[in-house]
Number of protein chains: 2
Amino acid sequence: MNDTKYAKYEQPGVTIDLVIFTVDEDQLKVLLVKRAEEPFAGYWSIPGGFLQKGESLDDAALQVMEEKTGVSDVYLEQLYTFGRPDRDPRARIITVSYFALIPWKKLAQPESRKVTGLAWSPVDTAPELAFDHNEILDYAVKRLRAKASYSNIVYGLLPEAFRLSDLQKIYETIIAAKLDKRNFRKRMLATGLLEETGKKDLVGAHRPARLYRFKKREVVYLD
Amino acid sequence: MNDTKYAKYEQPGVTIDLVIFTVDEDQLKVLLVKRAEEPFAGYWSIPGGFLQKGESLDDAALQVMEEKTGVSDVYLEQLYTFGRPDRDPRARIITVSYFALIPWKKLAQPESRKVTGLAWSPVDTAPELAFDHNEILDYAVKRLRAKASYSNIVYGLLPEAFRLSDLQKIYETIIAAKLDKRNFRKRMLATGLLEETGKKDLVGAHRPARLYRFKKREVVYLD
DNA sequence: CCAAAAGTGTTATTGATACACCCATGC
DNA sequence: GCATGGGTGTATCAATAACACTTTTGG
């Protein structure tokens, strides 16, 4: 920008911060990174980074995603932009927040989990975070819960093929409530968004489960 | 910001753009301003302005609102942040968009309507706008339609006291569909969000209508 | 008395909820 | 044969949708 022309306006730093969710061990978890530097050195924060020259906001979010998880083909949605003048003690910085969903299985490869300074924290026991990141996290959790109730967004937390009981578990975890198995299956199959893969899940000493997949791995709103 | 430390990052200009809605003549309308300067001189755009030093995003939005309409006590909600690198030909500028709702009556005072270079355009016949403002407008319309269906957000388009038929008209205008009068009234009164003012609207050669108001003029989600 | 909008109930349909037992497999 | 999770149907209740006439006022 032309500094003489725009001198009286703020030219803030712009960052992208990501709330990356997964469901693991029947808990909704969020990826946190430990800050090495001031401000908030030693605090946990959600992963983020500065917007690079020529980069779109979505690209910047993807960039952070790949950097921290090694994974890029995930559900990603812009959340909200936070810009309180004092939210960063260093300088005026506004942050465009995103939330992402990632199936636990994708992360189960050892290399993407061993990075130190990274941790998956259950959302309800998340520690005090740097900056206004608790606020961002709360906002993301609300959005996820709401959106799960009127869309098929949970596909982002599931692998390609899954059992209906997996799907139900994901819903129960997100909304923190038990659901009736028969009603749940009826409702899900009635949406017409699922199809059988024809395969069966053979693990365990019990009747094998049919495996389903989402016909389309993109957001569809119900009703 | 410290320019040496952050030199490799983008320091974009940050603007706030507002989609200001009202309902008038049974049409959903949006406030447009005519651009005098390049780029897009002569084009219509939605009102906006640069973020000022020390100003929060919400404050900046309010500022623009007051500047263009003379009104500040209105419904205002952050919408989405647009940041394609080429969205402004001058420089890298990202814009945090907001949408606002304003009751037509508030604008009916002559002084706030006479400003030249301002126009209320029906949303479905809006012209080609500057920058990516058509995209922002479309996004706002979708958000408004969706939110009207599961919240009491329409209070922002109504004066303090109104007839149930006014309320119904607003809904019909937003969702572009006719509603059944009896079912509509039953449903609205069942929400418990309305109360009678005790007064009656006496205009017109017909039975006077009871006037209602929202118990709380703040967003409540239904269900 | 006519025109105009306000106000009011009942029935049918649809969708949501509650609820319990048999099935297929591995060990 | 027993433990484990998979898979299925029906009856009740609640919410939504369809539908038409009487009332009150001003002119």
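Hydrogens, waters and symmetry mates play no part in the numbers below; they use all other heavy atoms, side chains included. Keep in mind that what you see is a predicted model, and the values were worked out from it rather than measured. Chain naming here is simple, since letters A, B, ... match the order of the sequence lines and numbering starts at 1 in each.
Residues of residues 207-215 of chain B that place a heavy atom closer than 4.0 Å to DNA chain C, in numerical order, are B:Arg207, B:Pro208, B:Ala209, B:Arg210. Residues from residues 180-194 of chain A lying near DNA chain C, meaning a heavy-atom separation below 4.0 Å, are A:Asp180, A:Arg182, A:Asn183, A:Lys186 in numerical order.
Residue pairs satisfying the side chain to side chain donor-acceptor pair (under 3.5 Å) criterion with at least one member in residues 20-30 of chain B, sequence neighbours excluded, are listed as follows: B:Asp24-B:Lys29, B:Asp24-B:Trp104, B:Glu25-B:Lys29. Within the structure, salt bridge (charged side-chain N to carboxylate O under 4.0 Å, His left out) contacts touching residues 174-190 of chain A (residues at least two apart or in different chains) are A:Glu172-A:Lys178.
At a threshold of 4.5 Å between non-hydrogen side-chain atoms, the residues A:Val14 and A:Ile93 do not count as touching. At a threshold of 4.5 Å between non-hydrogen side-chain atoms, the residues B:Phe99 and B:Arg143 count as touching. Inter-residue side-chain proximity for B:Asn152 and B:Thr191 is flagged as unmet; no heavy-atom pair is nearer than 4.5 Å. Counting heavy atoms from C-beta on, the side chains of B:Leu32 and B:Ile46 come closer than 4.5 Å. Here the side chains of B:Val96 and B:Phe82 are not in contact, with every heavy-atom distance at 4.5 Å or above.
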Please list, one pair per line, the donor and acceptor atoms closer than 3.5 Å that link side chains of residues 216-223 of chain B to other protein atoms, with sequence neighbours excluded.
residue  : atom : partner  : partner atom : Å
B:Arg217 : NH1  : B:Tyr155 : O            : 3.4
B:Arg217 : NH2  : B:Tyr155 : O            : 3.3
B:Arg217 : NH2  : B:Leu158 : O            : 2.6
B:Arg217 : NH2  : B:Pro159 : O            : 3.0
B:Tyr221 : OH   : B:Lys147 : NZ           : 3.4

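Partner of A:Asp166 under the side chain to side chain donor-acceptor pair (under 3.5 Å) criterion, chosen from A:Arg163, A:Lys169, A:Gln168: A:Arg163.
Nearest-nucleotide assignment on DNA chain D puts the 5′-proximal partner with B:Asp223, out of B:Asp223 and B:Lys200.
In this entry the distance linking CG of A:Leu164 with P of C:dC23 reads 20 Å, nearest Å. Rounded to whole angstrom, the span from the CG atom of A:Leu202 across to the C1' atom of C:dA24 amounts to 11 Å.
Of all nucleotides in DNA chain D, those with any atom nearer than 4.0 Å to a heavy atom of chain A start and finish, going 5' to 3', at D:dA3 to D:dT10.
Between B:Ser165 and the phosphate of C:dA6, there is a side-chain N or O to OP1/OP2 separation shorter than 4.0 Å.
Using cut-offs of 30° and 60° for the angle between ring planes, the B:Phe214 and B:Phe162 rings count as tilted.
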